[in-house]
Amino acid sequence: MSLEKKYPKLFGLLEDTTFVDSPRDLVVVDENYDDIDSDEFDVFDPSDYNFLVYITPRVQDALGEEGIGQLVKRLESDKRFEDFFASEIDMYGIKVTDMDEESIGDLIIKVIEEELL
């Protein structure tokens with residue numbers, strides 16, 4: 001199933017869907033590991049947050065400031081995450097043991113879609 005069919009409300013708000021071929025084009029999720037050269041290491045200690053999440057500008061623009069704020073609140077209260085910290089409006093650290101990068105990205109996009117009533 002295409003992303004556009006899977007997440008029609010979100011895609012209806014995106015100004016440009018060019019080059020949106022994977023969930024990573026909407027929400028970037030990377031494993032957080034000890035990288036002393038990384039700026040994120042100062043904020044997101046890998047022993048506390050094992051994944052980093054970045055909400056892309058196209059999704060930020062689609063949701064607006066209020067929508068991003070609602071997303072942060074919803075993710076903070078999500079019991080699937082052992083810990084959650086939003087250092088910035090678009091950058092989050094999460095701790096989760098039973099998910100991988102792809103499933104976390106899909107989950108966050110699904111939460112975004114659910115919030116768009």
Problem set entry | Taking every non-hydrogen atom, the tightest pair across Pro23 and Leu3 | N-CD1, 3.7 Å

Exercise. Any donor and acceptor pair, going by atom type alone, linking the side chain of Glu15 with main-chain N or O of Arg58 inside 3.5 Å?
Worked result: no

Problem set entry | Of Ile89, Ile112, Val59, the residue whose pairing with Leu71 passes side chain to side chain contact (heavy atoms under 4.5 Å, CB included) | Ile112

Problem set entry | Leu116 CG to Leu63 CG distance, which is reported to the nearest 0.5 Å | 6.0 Å

For this session: For Gln60 and Ile68, indicate whether the former's side chain and the latter's backbone hold a donor-acceptor pair under 3.5 Å.
Result: no

For this session: Report yes if some heavy atom in the side chain of Pro57 is under 4.5 Å from a heavy atom in the side chain of Tyr54; otherwise report no.
Result: yes

Problem set entry | Heavy-atom pair with the smallest gap, counting every atom of Asp106 and Tyr7 | O-OH, 3.7 Å

Seminar exercise, completed: CG of Leu52 to CD of Glu101, rounded to nearest 0.5 Å, is 9.5 Å

Exercise. Is there a side-chain contact between Glu113 and Pro8 (heavy atoms, below 4.5 Å)?
Worked result: yes

Problem set entry | Working for side-chain contact (heavy atoms from CB on, under 4.5 Å), residues Glu82 and Thr97 | CA-CA 8 Å; Glu82 296 170 35; Thr97 54; 2.8 Å; yes

Exercise. Just by distance, do the side chain of Lys95 and the backbone of Asn50 share a donor-acceptor pair under 3.5 Å?
Worked result: no

Exercise. At what distance, to the nearest 0.5 angstrom, does CZ of Phe81 lie from CD of Glu76?
Worked result: 11.5 Å

Exercise. Taking atom types as modelled, is there a side-chain donor on Glu4 or Thr17 under 3.5 Å from an acceptor on the other?
Worked result: no

Exercise. Atom CZ of Phe11 and atom NZ of Lys5: how far apart are they, to the nearest 0.5 Å?
Worked result: 12.5 Å

Problem set entry | Nearest non-hydrogen partners of Ala86 and Val72, listed with the distance | CB-CG1, 4.0 Å

For this session: Please name the residue in the list Leu107, Asp100, Ile104 that meets the side chain to side chain contact (heavy atoms under 4.5 Å, CB included) test with Val29.
Result: Ile104

For this session: Quick one: pull up OH in Tyr49 and OG in Ser87 and give me the separation to the nearest 0.5 Å.
Result: 9.5 Å

For this session: Quick one: do Arg24 and Asp30 satisfy salt bridge (Lys or Arg N to Asp or Glu O under 4.0 Å)? Show the steps, please.
Result: CA-CA 10 Å; Arg24 192 167 172 86; Asp30 288 319; 2.9 Å; yes

Exercise. Under the 3.5 angstrom rule, does the side chain of Asp61 hit a backbone N or O of Leu14 as a donor-acceptor pair?
Worked result: no

Seminar exercise, completed: Here the gap from Asp90 atom CG to Ile55 atom CD1, rounded to the nearest 0.5 Å, amounts to 8.0 Å

Exercise. Can you name the nearest heavy-atom pair linking Phe44 to Met91, along with the distance?
Worked result: CE1-CG, 3.6 Å

For this session: Apply salt bridge (Lys or Arg N to Asp or Glu O under 4.0 Å) to Arg74 and list each qualifying residue two or more places apart in sequence or on a separate chain.
Result: Glu114, Glu115

Exercise. Considering residues at least two apart in sequence or located in another chain, which fulfil the ring pair (Phe, Tyr, Trp, His ring centres under 6.0 Å) criterion with Phe84?
Worked result: Tyr92

Exercise. Less than 4.5 Å apart, any side-chain heavy atom of Val27 and any of Val53?
Worked result: yes

